K.L.:
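The structure's right below; bear with me while I get my questions together.
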Protein chains: 2
Amino acid sequence: MTPADLQQLADLLKALGETNRLSLVCRLCECEKPQNAMCLCDCCSVDASGVSRHLKILTQEGIVSVERKGRTRSYSLNRAFVARRLRDLADRIELTPELS
Amino acid sequence: MTPADLQQLADLLKALGETNRLSLVCRLCECEKPQNAMCLCDCCSVDASGVSRHLKILTQEGIVSVERKGRTRSYSLNRAFVARRLRDLADRIELTPELS
DNA sequence: TATATTGTTGCACAATAGTGCAAATATAAG
DNA sequence: CTTATATTTGCACTATTGTGCAACAATATA
């Protein structure tokens, strides 16, 4: 694992490791269809601008995707991507090194 | 998922989501045997006091365990615990809700 | 007892992060 | 064109976090 990979992984975990952002992720988890930002406002204790900023961070980390639809933006969770990252780390952690 | 559970999970992810702490975790990953703090110092770019503080946070979150041995302390990674938490989240994220 | 080793803690400080509010932007609708 | 809705951004502010240094505590060794 290169330092850059490690940094990238840390950034992903940091993005997930904030209460309001994790709330947003969990909320998106439960939605079949993409949700717009206003709709997501009530799942965390910040105003619209705060939600916007949190969604921006989640987007930058590849955790969610945005699709512009008229004046709204639809956010959806990149389920496979995030799950893959978490499982890769879990695998690495659980793999006890061979006794050499 | 209760707000308390969510907060707890966020705390775990936050603990993992800092570069130097994640370095420590990855380093412990590769060790068969518990390591003392001094031995872990060279895997991240902070001095002994910084390592001590990071290990304290990791311990508080249950990510690592400590065992006192004389004047040294041996740290080991709680592999099963961390892997379990990460996989649980991955499962939750990947489970698309049923169309109702 | 004196000294070296290991690790933690208090303090100060700089950097980062999260927040609300108000203004700006963008687009849709009337 | 005017207005309403959705979202972003600038600004200011506060809180949190990461850090090194020096002092301290605890334990082993000479």
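Residue numbers begin at 1 in each chain, while the letters A, B, ... track the order of the sequences. None of the values given here were measured: they were computed from a predicted structure. Both backbone and side-chain heavy atoms feed into the values below; hydrogens, waters and symmetry mates do not.
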K.L.:
Starting at atom CG of B/L55, determine the distance to atom C1' of C/dT9, rounded to an integer number of angstrom.
P.N.:
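Interatomic distance, CG of B/L55 to C1' of C/dT9: 15 Å.
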
K.L.:
A/L16 has an atom CG; how far is it from atom P of C/dG18, in whole Å?
P.N.:
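Taking CG of A/L16 and P of C/dG18, I get 12 Å after rounding.
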
K.L.:
Measure the distance from CG on A/L24 to C1' on C/dG18 and round it to the nearest whole Å.
P.N.:
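Distance, rounded to whole Å: 13 Å.
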
K.L.:
Check this for me: does any side-chain nitrogen of one of A/R84 and A/D91 sit under 4.0 Å from a carboxylate oxygen of the other?
P.N.:
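No, no charged N to carboxylate O under 4.0 Å.
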
K.L.:
Taking the side chain from B/R79 and the backbone from B/C29, do they hold a donor-acceptor pair closer than 3.5 Å?
P.N.:
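Yes; judged by distance alone, with no hydrogens or angles, the pair exists.
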
K.L.:
Tell me which of A/I57 and B/A37 sits closer to the 5' end of DNA chain C, going by the nucleotide each one is nearest to.
P.N.:
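Of the two residues, B/A37 wins.
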
K.L.:
So, is B/R73 near the phosphate of D/dT27, with a side-chain N or O under 4.0 Å from OP1 or OP2?
P.N.:
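No, outside the criterion.
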
K.L.:
Hey, is the side chain of A/K14 poking within less than 4.0 Å of OP1 or OP2 on D/dT17, counting only N and O atoms?
P.N.:
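For D/dT17, neither OP1 nor OP2 has a side-chain N or O of A/K14 closer than 4.0 Å.
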
K.L.:
D/dT17, OP1 or OP2 - any side-chain N/O from B/H54 closer than 4.0 Å?
P.N.:
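For D/dT17, OP1/OP2 do not have a side-chain N/O of B/H54 under 4.0 Å.
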
K.L.:
From the list C/dT9, C/dG18, D/dT7, which nucleotide is the closest neighbour of the side chain of A/Y75?
P.N.:
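So the nucleotide nearest the side chain must be D/dT7.
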
K.L.:
Applying side-chain contact (heavy atoms from CB on, under 4.5 Å) between B/C44 and each of B/V51, B/L22, B/T19, report the one that passes.
P.N.:
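Output: one option passes, namely B/V51.
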
K.L.:
Side chains of B/L12 and B/F81, heavy atoms from C-beta outward: is any pair under 4.5 Å?
P.N.:
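Yes, at least one pair of side-chain atoms sits under 4.5 Å.
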
K.L.:
Can you tabulate the close N/O pairs, meaning under 3.5 Å, that link protein atoms to atoms of nucleotides 25-30 of chain C?
P.N.:
none

K.L.:
Please pick, from C/dT8, D/dT19, D/dT7, the nucleotide with the shortest atom-to-atom distance to any side-chain atom of B/V46.
P.N.:
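Shortest atom-to-atom distance from the side chain points to D/dT19.
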
K.L.:
With respect to the phosphate group of D/dT19, does any side-chain polar atom (N or O) of B/N20 fall under 4.0 Å of OP1 or OP2?
P.N.:
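Yes, such a contact exists.
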
K.L.:
When the distance from CG of B/L13 to P of D/dT17 is rounded to whole Å, what number comes out?
P.N.:
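Rounded to the whole Å, the gap is 15 Å.
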
K.L.:
Would you indicate whether the side-chain heavy atoms of B/L24 and B/C43 approach each other to under 4.5 Å?
P.N.:
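In contact.
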
K.L.:
In whole Å, what is the span from the CG atom of A/L40 to the C1' atom of D/dA6?
P.N.:
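Spelled out: CG on A/L40 to C1' on D/dA6 is 13 Å.
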
K.L.:
In whole angstrom, what separates A/M38's CE from D/dT8's P?
P.N.:
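Going from CE in A/M38 over to P in D/dT8 covers 8 Å.
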
K.L.:
NA contact type, A/T72, heavy-atom cut-off 4.0 Å: base, sugar-phosphate, or nothing?
P.N.:
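Here A/T72 touches the backbone only, sparing every base.
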
K.L.:
Strictly under 3.5 Å: I want the nitrogen or oxygen pairs between protein and nucleotides 11-15 of chain C, one per line.
P.N.:
none

K.L.:
Given side chains that start at C-beta, do those of A/L40 and A/R27 come closer than 4.5 Å, heavy atoms only?
P.N.:
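Answer yes - side chains close enough.
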
K.L.:
Is the closest side-chain donor-acceptor distance between B/D5 and B/T2 under 3.5 Å?
P.N.:
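Per modelled atom types, B/D5 and B/T2 side chains form a pair under 3.5 Å.
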
K.L.:
Could you give the CG-to-C1' distance, from B/N36 to C/dG7, as a whole number of Å?
P.N.:
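Whole-Å distance recorded here is 10 Å.
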
K.L.:
Just by distance, do the side chain of B/R73 and the backbone of B/R68 share a donor-acceptor pair under 3.5 Å?
P.N.:
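No: the side chain of B/R73 does not pair with the backbone of B/R68.
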
K.L.:
Quick one, which residues of residues 2-11 of chain A touch DNA chain C with a heavy atom under 4.0 Å?
P.N.:
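None - not one residue of the stretch has a heavy atom sitting under 4.0 Å from the strand.
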
K.L.:
One thing to verify: whether B/R21 and B/E61 come together as a salt bridge, which I'm taking to mean a side-chain N less than 4.0 angstrom from a carboxylate O.
P.N.:
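Here B/E61 does not pair with B/R21 in a salt bridge, since their nearest N and O are not under 4.0 Å apart.
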
K.L.:
Does any non-hydrogen side-chain atom of A/L89 lie less than 4.5 Å from one of B/V82?
P.N.:
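When only atoms from C-beta onward are counted, A/L89 and B/V82 do not touch, as no gap falls below 4.5 Å.
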
K.L.:
Figure out the CD/P separation between A/E61 and C/dA17, and round it to whole Å.
P.N.:
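Going from CD in A/E61 over to P in C/dA17 covers 11 Å.
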
K.L.:
Given the rule in the side chain to side chain donor-acceptor pair (under 3.5 Å) test, do A/E67 and A/S74 qualify, once you have shown the distances and angles that lead to the verdict?
P.N.:
CA-CA 5 Å; A/E67 192 186 351; A/S74 284; 5.8 Å; no

K.L.:
Charged N to carboxylate O under 4.0 angstrom, B/D47 versus B/R53?
P.N.:
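No salt bridge links B/D47 with B/R53.
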
